[in-house]
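Notes follow the structure.
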Number of protein chains: 2
Amino acid sequence: MNSGVVLDLNQLRRHCSVCALHELCLPAGIDRQAMERLDDVVRDRRTLEKGKPLFRQGDVFHALYVVRSGSLKTYVESPTGESQILGFSLPGELVGVDALANDRHLCSAEALERTSVCELPFGQLDRVAREVPALNRQLLRVISREVAAEQHHLVTMGKQQAQERLATFLRSLSERYGRLSRDPNTLTLPMSRYDIANYLGLVVETVSRLFGRMENAGVLEVSRKTIRILRPDLLTALCNGSSEAVPESSQVRTPRS
Amino acid sequence: MNSGVVLDLNQLRRHCSVCALHELCLPAGIDRQAMERLDDVVRDRRTLEKGKPLFRQGDVFHALYVVRSGSLKTYVESPTGESQILGFSLPGELVGVDALANDRHLCSAEALERTSVCELPFGQLDRVAREVPALNRQLLRVISREVAAEQHHLVTMGKQQAQERLATFLRSLSERYGRLSRDPNTLTLPMSRYDIANYLGLVVETVSRLFGRMENAGVLEVSRKTIRILRPDLLTALCNGSSEAVPESSQVRTPRS
DNA sequence: CGCAGTCTTGATGGACATCAATGGTTGTGG
DNA sequence: CCACAACCATTGATGTCCATCAAGACTGCG
C-alpha cells in the first residue's frame with residue numbers, strides 16, 4: 001500500500017502556510033512566523049463521512065473548526081423535533097462560534113458530503129492569539145463575518161418572497177464559489193432540496209417549483225444537483241424582486257415595509 | 001443650579017466597578033485591577049434623544065457600544081428603502097459587532113427613547129484586551145451571545161407562526177427585563193407596533209390583532225405601551241404553538257419541518 | 001428487483017398581507 | 001389652551017402567496 005506517501009502529503013498539507021485557503025481563513029494577513037505558531041494550534045484535521053455530525057447541540061465546547069474541503073450544515077432542533085438550518089459552511093469558513101458564550105454548542109453541525117475540517121482547540125487558540133495580536137484581530141474579523149452572514153439571512157427571511165429568497169441563496173453560493181476559484185456559474189449543490197427549503201423557511205415543493213420556473217425563464221439550467229446560471233444578471237435582478245421573466249401567474253407585488 | 005452635583009454623580013457612575021450592570025456586561029468575571037484598566041477604555045458615555053442615530057449603515061467603524069440606560073434598535077436598509085430590524089438592545093447589551101469584519105457598520109442603530117451608551121473605542125479596547133486575557137475572553141463571550149441571539153431570531157422567522165413569534169418576542173423581553181431586576185411581567189415597550197411587526201417579519205395589523213387575541217384569551221393585559229403578562233405559563237405555551245386559549249378561528253395546525 | 005429517499009407537478013385551502021376606514025395619542029405653534 | 005397635523009393603533013373585508021395534501025417519476029442502494 002502507499003499509505004506512507006499519503007501520510008507524507010497530509011503532513012505537508014497540514015501547514016497553514018501552504019494551505020490553498022490561507023488567504024480566506026484565519027491566517028490571512030499574518031506573517032510567516034506567526035503562521036507557524038498558528039500551526040501549533042491546528043490539531044489533526046478530521047474527516048467526516050456524509051451525514052456524520054461534527055458536533056451536536058448540547059455538546060461541551062472545546063474547539064472551533066474551519067472547513068477544509070467539502071461542506072457542512074449547521075442547524076438547531078426544537079424540543080418538538082423540527083429543525084431549522086442556520087447556514088451552510090464551505091471551505092475556509094469558521095464553525096462553532098455560538099458556543100463561546102456558554103461553553104456548550106447551541107447548534108449541531110453535520111457533513112453534507114465527505115468533508116474534512118481543521119480543529120482548533122480553543123484553549124490553545126486563545127493562548128496563541130494572546131501572543132499574536134494580529135491573529136486575535138483576525139479571529140474577531142472572521143467571527144464578525146459570521147454575524148454579518150446571519151444578519152443577511154435574517155433580512156432574507158423577514159422581507160423577501162419565496163423566489164427572491166431562492167435567488168439570494170444561489171447568488172450567495174455563486175459568490176462564495178467564486179472566492180474559492182471555482183466557476184461561479186456552475187453550482188454543484190451538496191445539500192438536498194429539503195435542506196434548501198428548510199434554510200429558506202419554505203417547503204420543498206415550493207423550492208422545486210421555483211427551480212422549474214427559473215429554468216424555463218432561461219435564468220438557470222437545472223439538472224438535479226447541478227445548477228448552471230445562464231443569466232447572472234437576471235438572477236441578481238430576481239433578488240430584489242424585479243419580476244421580469246416569470247411566466248407563472250401574472251405579477252403585481254408590493255413588498256411589506 | 002446643581003449641575004456641579006450632577007456632574008459628580010456622573011463621574012462617580014462612570015466607573016465599571018460601581019456600575020449596576022457590571023455583572024451582565026464586559027466587566028463580568030474580571031478582577032478589580034483589570035476593571036480599572038477597562039475604565040480607561042470607556043470614553044465619555046453619550047446620550048441620545050429618541051429617534052437619534054448612534055451610527056449608520058456605512059459609517060466607518062471606530063467603537064463598540066454598550067447600552068447603559070434606555071434602548072436601541074438595529075436595522076438594515078435595502079437600496080429600495082425598506083428596512084429590516086435585526087434586534088433591540090437593552091441595558092448591558094453590546095452593539096456594533098458586525099462592523100469588526102469590514103471596518104464599516106453594516107447596520108444602523110437608533111435610540112428608541114432617551115438612551116445613554118458607553119463608547120468603547122476599538123483600538124483601545126483591543127490593546128487593553130491584549131494585556132488582560134480575561135477581558136479578551138469575556139469580549140468573545142459577549143459577542144458569541146450576539147450570535148446566539150441572532151440564531152434564535154432566525155429560528156423564529158423560519159419556523160414559527162405569527163402568534164408564536166409574538167409570544168416568543170414577549171418572552172424574550174420578559175426574561176431580559178428580569179435580568180435587569182425589573183418586573184418581568186410588566187413590560188413597557190419602548191418600540192412601536194410597526195417596529196415589532198418589522199422585527200418579526202409581519203405587518204402591523206397582524207401584530208395588533210394578535211395582541212387583541214391574546215388579551216381576550218386572558219394571557220395579557222394590553223394597554224398601549226404597557227403589557228402585563230397575566231399568565232406567563234400560557235405565554236410560554238404559545239411559543240411552541242400550543243394553541244389552547246385562542247377564540248379567533250378554530251385551530252388545526254401542522255408546522256413545516 | 002424492490003424499497004426508501006428524493007424530486008417534481010397538480011389541486012385545494014389557509015394564514016397572513018393588503019386595502020380601507022376610524023379613533024387615539026403626541027407634539028407643535030399660534 | 002386649543003387646534004391642527006402627523007403618527008400610531010385598532011378593526012373589518014378581501015385577496016394572494018405559499019403550505020398542505022396527493023400522486024407519480026426518478027435515483028440510488030442493499
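Both tests do not hold together for B:Arg104 against B:Phe61: distance to the six-membered ring centre under 6.0 Å, angle to the ring axis within 45°.
Comparing D:dT10, C:dA17, D:dA19 by their nearest atom to the side chain of B:Val204 picks out D:dT10. Closest to the side chain of A:Ser208, out of D:dC18, C:dT18, C:dC7, is C:dC7.
We find that CD of A:Glu164 is positioned 12 Å from C1' of D:dC17, with the value rounded to whole Å. Taking atom OH of residue A:Tyr194 and atom P of nucleotide C:dG5, one finds them 10 Å apart after rounding to whole Å. One atom, CD of A:Glu215, and another, P of C:dT9, lie 9 Å apart when rounded to the nearest Å. Between the CG atom of A:Asp195 and the P atom of C:dG5 there is a distance of 15 Å, rounded to whole Å. As a whole-Å value, the separation of A:Arg213 CZ from C:dT9 P is 13 Å. B:Lys50 has its NZ atom 15 Å from the C1' atom of C:dT28, to the nearest Å. The CG atom of A:Leu220 sits 16 Å away from the C1' atom of C:dC7 (whole-angstrom rounding). B:Arg165 places its CZ atom 14 Å from the P atom of C:dA15, with the value rounded to the nearest Å.
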- Query: Should A:Arg179 and A:Glu175 be marked as a salt bridge (charged side-chain N to carboxylate O under 4.0 Å, His left out) after you check the CA-CA gap, both sets of side-chain angles, and the distance that decides it?
  - Reply: CA-CA 6 Å; A:Arg179 269 203 289 270; A:Glu175 193 197 333; 3.3 Å; yes

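Residue B:Lys225 places at least one side-chain N or O under 4.0 Å from the OP1 or OP2 atom of D:dA9. Look at B:Ser192 and you won't find any side-chain N or O under 4.0 angstrom from OP1 or OP2 of D:dC8. Note on A:Arg224: every side-chain N or O is 4.0 Å or more away from OP1 and OP2 of C:dT6. Using a 4.0 Å cut-off, some side-chain N or O of A:Gln161 falls inside it from OP1 or OP2 of D:dC18.
Checked by distance alone, A:Arg209 brings a side-chain donor or acceptor within 3.5 Å of a matching partner on the base of C:dG10. Contact annotation: side chain of A:Gln163 to base of D:dC17, donor-acceptor pair absent below 3.5 Å.
Residues A:Leu187 and A:Ser174 form a side-chain contact, since some pair of their non-hydrogen atoms from C-beta on lies under 4.5 Å apart. Considering only heavy atoms from C-beta on, B:Leu166 comes within 4.5 Å of B:Leu200 through its side chain.
Using modelled atom types, one finds a donor on one side chain and an acceptor on the other under 3.5 Å when comparing A:Tyr75 with A:Glu110.
For the pair A:Glu205 and B:Ala162, both in contact range of DNA chain C, the more 5′-proximal nearest nucleotide belongs to A:Glu205.
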